Every structure is written in structure tokens, then in C-alpha cells.
Protein chains: 2
Amino acid sequence: MTETPTTGTNAGDLLRLEHQVCFALHNATRAFGALYRDALKDLGLTYPQYLAMLALWEHDELSVKRLGELLRLDSGTLSPLLKRLETAGLVIRERSPLDERSVLISTTAAGAALREQATRVPAEVAARTGFDLDEMRQLRGLLARLTDRLDTANGAGAAQEC
Amino acid sequence: MTETPTTGTNAGDLLRLEHQVCFALHNATRAFGALYRDALKDLGLTYPQYLAMLALWEHDELSVKRLGELLRLDSGTLSPLLKRLETAGLVIRERSPLDERSVLISTTAAGAALREQATRVPAEVAARTGFDLDEMRQLRGLLARLTDRLDTANGAGAAQEC
DNA sequence: TACTAGTGAGTTGTGCGCAATTGAATTGTG
DNA sequence: CACAATTCAATTGCGCACAACTCACTAGTA
């Protein structure tokens, strides 16, 4: 019932329409996650850990705060994640001598060496998606704009409560 | 270092490029999650619970297996989720008399009544995204194609191991 | 009829994500 | 200088996602 595949504007259709968009996003993220899980198996990394290593490979040394800004994650997620990377021998955590509140993360030799193995990951993933550069750029643009608007919407929502 | 924002094809750039695409997806999903968390606060639902209720409102009665197919989730995720919805008084779980292995999920009166409150959710979310129908359709199409390719890629990857 | 697949939910364990809180270190201000 | 406010990381608690496993039930077969 209420099978209107085109542009309807009643409440039921809106439910269905929105369901499609956010659900599609949700599914794509999880499908991507499965692909990366497979591609990262040899490296012994999960996808969020891989993102953290990417950031560290680029920046050499990062505070937990800065890393959290780059990955859009808070210490509640990063602290245990970084502890696992430290246990795996990939990173070192040390309190900053300039500001004892801050914890600086840097790669170990093993962590830096892992970058060589990681270079084949994006090519493998890109090949499996079958998307060309144009499609990826287009998708990336849409997602970036969407995230921007959602962030300001969330910010505005929070502001409304003040 | 390795700051090449255009189309490079060396390993470092690919790392960066792929980082952008999957990371953008990841971020958009989480930004969406934050928006829904806010919009669903009054209903007392999380986003995955909301998806489950959407499916149940559409289909009236579903086995856990069928619901899992619709939401692309397995019993490991659905069992505790449905137990929470049952505790909240929104759904009923009962074993099928035809096949005692199967568990049928249906909405209670309260669960069905919640649909009325839920009708305002998609409009609110759509308004906050600021995306028009064209953009949403475009994004949905890209995501659907991406998920399709990723799924077959994952399937092929699994097949390769056989 | 017994015996073996196979199927459907549930459970356990691990990791991510987020809200809320805690505690130590720093900064700002009187 | 002393005291309040802020900042940063860590911790706790909850829910989702997924892999691996268990167990009851069903179906297929000798």
C-alpha cells in the first residue's frame, strides 16, 4: 500500500523518500566497511584505525585533540582506539612536555613501515567500487555539501535550545 | 608534503583520494545520525529502531529473517534491538505456529500509534538538509549504485577465497 | 523410522560512536 | 597570589554492527 514511486508529498511518501536517502547512505557506509574490512585484514587494522593511521602518516605527530578534529571523533572513541594501536606497537602516546594535559601520538618504526603495505589498499578498494574519478568526485562533492549542511543544522538545532 | 590537490596517480595521492571518498561517506552518515538522534528524541527511538519501525509500519508483520533482509542486518543486531522495542511496548515477538524456528514481529497499538508522531520526522530532516528533490535523487542514485557494486565486490571477494 | 543437512534466532565477544562525567593541568581574573 | 573557569584526556554506560558459535526446529534421505 502507498506504493507511489514518483514525487508524492503526503506524509507516507515523505517517510518513504527520506527512508531511501538516509538508508542508502547507511547501507553504502556499511558496504564500504565490509570492503575495507577485507582489504585491511592483512594490515591488522579496522577501518577507523586505518583512518587514524592515515592522519598520523600525513602529520607525523598529533595531539588527541587535533586527531579528533581531523577525524571528527572525541576522546571517548579515540582513547581506546589509540590504546589498541599502541598495544599493536604501531603508535606511541606521550604527554606533551609543554602542556601536560595534551597527549601526543606518533608512529613507531613499525607504524611507519605499515604505510608501505597500505599503499595498495586504496587502489584495491577503488578497483572494486568500479567508480571512475568523475563519479567519485561527484559523490564526494554531494557528501561534503550534505555533511556541511547537516553540521550547521545540528549546530543551529543546538543553538535553538539556548 | 605530497600536497597534490588535483588528479595525481601515485600511491600517496590515491591514499588521499580514497580517504576523501570513504571518509566523506562516513562523516555524512554520522552527521545524519546526529540529526536523526535529535529528531527522534521525542519518539524515544534510535535511528536503527526507527528504520525497523518503518519496515513494520509498512508490512504489518515480519519475521526476524525478513526484517533482516529489508534492513540488511543479521540476528546478532536485530535480536537485542527488537527486545528493546518490545520492552518499550512498541512491538510483540511471537514464534510462528507454522514454523517454530521463525519469530514474527508485529506492532502493538502503541507502536502503530507512534506512526502518527513519526510523520513529521522526515519533513523536519529534509528541511534541515536543505537539499532539494533533485539533489536527493541524485545522491540516492549514486549511493545505490555504489552499494550494489560494493556488494558484488564483496561477494566476488568471498568467492575468490573458495 | 532414524539420521543427517540445513535453517532461523539467540548469545557472546570485540570494536566503533556518542553522551555524560571525572580528574588533572592550564588560563584568566580579581 | 588565590580562586574560578576552561581545556584535555580518560572513563563509564548504552546501543549498533559484525563474526563466530550454540541450540531448537525442520526437511531431506537412506
Side-chain angles (χ1 to χ4, degrees), chain A residues 22-23 26-38 40-41 44-52 62-69 71-88 91 93-105 151 154 158 161, chain B residues 22-23 25-38 40-41 44-52 62-69 71-88 91 93-105 154 158 161:
Chain A
C22 59
F23 188 47
H26 203 63
N27 286 336
T29 298
R30 292 195 289 140
F32 237 128
L35 190 51
Y36 270 101
R37 217 180 340 272
D38 189 47
L40 294 172
K41 206 167 39 186
L45 294 176
T46 65
Y47 177 64
Q49 288 167 7
Y50 172 71
L51 288 180
L62 287 170
S63 68
V64 173
K65 175 184 172 56
R66 184 78 190 101
L67 184 58
E69 288 168 357
L71 302 181
R72 308 168 61 98
L73 293 171
D74 64 2
S75 66
T77 300
L78 283 178
S79 286
L81 186 151
L82 292 171
K83 204 173 288 183
R84 280 177 216 113
L85 288 180
E86 188 182 38
T87 302
V91 307
R93 299 187 305 154
E94 49 187 349
R95 297 215 97 93
S96 166
L98 292 92
D99 187 340
E100 287 285 335
R101 291 171 303 180
S102 186
V103 169
L104 299 177
I105 314 294
D151 277 350
N154 286 324
E161 295 171 0
Chain B
C22 59
F23 188 45
L25 198 58
H26 201 64
N27 286 336
T29 299
R30 292 195 289 141
F32 237 128
L35 190 51
Y36 270 101
R37 215 180 342 273
D38 190 45
L40 293 173
K41 206 167 41 187
L45 293 176
T46 65
Y47 177 63
Q49 288 167 7
Y50 171 71
L51 288 180
L62 288 170
S63 69
V64 173
K65 175 182 172 57
R66 184 78 190 102
L67 184 58
E69 288 168 357
L71 302 181
R72 308 167 63 97
L73 293 170
D74 64 0
S75 66
T77 301
L78 283 178
S79 286
L81 186 151
L82 293 171
K83 204 174 289 185
R84 280 179 216 106
L85 289 180
E86 188 182 38
T87 302
V91 306
R93 300 187 304 154
E94 49 187 348
R95 296 215 97 92
S96 165
L98 293 92
D99 187 340
E100 288 285 336
R101 290 171 302 182
S102 186
V103 169
L104 299 177
I105 314 294
N154 286 325
E161 294 171 2

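In what follows, every chain begins at residue 1, and chains take the letters A, B, ... in the order their sequences are listed. All values below come from the heavy atoms of this structure, side chains included, with hydrogens, waters and symmetry mates left out. Note that the structure is predicted; figures quoted are calculated from it, not measured.
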(message) Strictly by Watson-Crick or wobble contacts shorter than 3.5 Å, is anything paired with dA5(C), and which nucleotide is it?
(response)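 Check on dA5(C): unpaired, no WC or wobble geometry under 3.5 Å.
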(message) Both distances below 3.5 Å, Watson-Crick or wobble geometry, any strand: find the nucleotide opposite dT26(D).
(response)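 Partner of dT26(D): none.
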Interatomic distance, [X] [atom1] vs [N] [atom2] [rounded to whole Å]:
X      : N       : atom1 : atom2 : answer
R95(A) : dA24(C) : CZ    : P     : 11 Å
D99(A) : dA25(C) : CG    : C1'   : 7 Å
Y36(B) : dG15(D) : OH    : C1'   : 18 Å
L78(A) : dT11(D) : CG    : C1'   : 14 Å
L98(B) : dT7(C)  : CG    : P     : 19 Å
D74(B) : dA20(D) : CG    : P     : 12 Å
R30(A) : dG17(C) : CZ    : P     : 14 Å
E94(B) : dG8(C)  : CD    : P     : 18 Å

Residue [X], side-chain atoms from C-beta onward, closest of [options]:
X       : options                   : value
E100(A) : dC18(D), dA25(C), dG10(C) : dA25(C)
S75(A)  : dA9(C), dA17(D), dT11(D)  : dT11(D)
S63(A)  : dA25(C), dA9(D), dC18(C)  : dA9(D)
K83(A)  : dT26(D), dC18(C), dT11(D) : dT11(D)
H26(A)  : dT26(C), dA17(D), dA9(C)  : dA17(D)
R101(A) : dG10(C), dT7(D), dA24(D)  : dT7(D)

(request) Indicate the atoms forming the closest heavy-atom contact of I105(B) with L82(B), along with that distance. (result)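 Where I105(B) meets L82(B) most closely, the heavy atoms are CD1-CD1, 3.7 Å.
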(request) Taking all heavy atoms of L78(A) and all of L67(A), pick out the closest pair and write down the distance. (result)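 Closest approach of L78(A) to L67(A): CD1-C, 4.1 Å.
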Sugar-phosphate only, base, or nothing, as touched by [X] at under 4.0 Å among non-hydrogen atoms:
X       : answer
T46(B)  : sugar-phosphate
L81(B)  : sugar-phosphate
S102(B) : sugar-phosphate
R66(B)  : nothing
L73(B)  : sugar-phosphate

(message) I'd like to check the side chain to side chain donor-acceptor pair (under 3.5 Å) partners of R72(A); sequence neighbours left out, ordered by chain and number.
(response)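 Scan of R72(A) (side chain to side chain donor-acceptor pair (under 3.5 Å), adjacent residues dropped) gives D151(A).
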(request) Can you sort out the partners of E69(A) under side chain to side chain donor-acceptor pair (under 3.5 Å), two or more places apart, ordered by chain and number? (result)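 Checked E69(A) against side chain to side chain donor-acceptor pair (under 3.5 Å); matches are K65(A), R66(A).
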(request) Just label dA5(C) as syn or anti from its O4'-C1'-N9-C4 or O4'-C1'-N1-C2 angle, using within 90° of 0 for syn. (result)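 This nucleotide is in syn.
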(message) For S96(A) and P48(A), find the nucleotide of DNA chain C closest to each by heavy atoms; which residue's nucleotide sits nearer the 5' end?
(response)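 The residue closer to the strand's 5' end, by nearest nucleotide, is P48(A).
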(request) Map A31(A) and T77(A) onto DNA chain D by nearest heavy atom, then report which one ends up closer to the 5' terminus. (result)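 Result of the comparison: T77(A).
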(message) Using side-chain contact (heavy atoms from CB on, under 4.5 Å), reason through L85(A) and L45(A) one step at a time and then give a plain yes or no.
(response) CA-CA 9 Å; L85(A) 288 180; L45(A) 294 176; 3.8 Å; yes
(request) Examine the side chains of S96(A) and S102(A) and answer whether a donor and an acceptor come within less than 3.5 Å of each other. (result)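 Per modelled atom types, S96(A) and S102(A) side chains form no pair under 3.5 Å.
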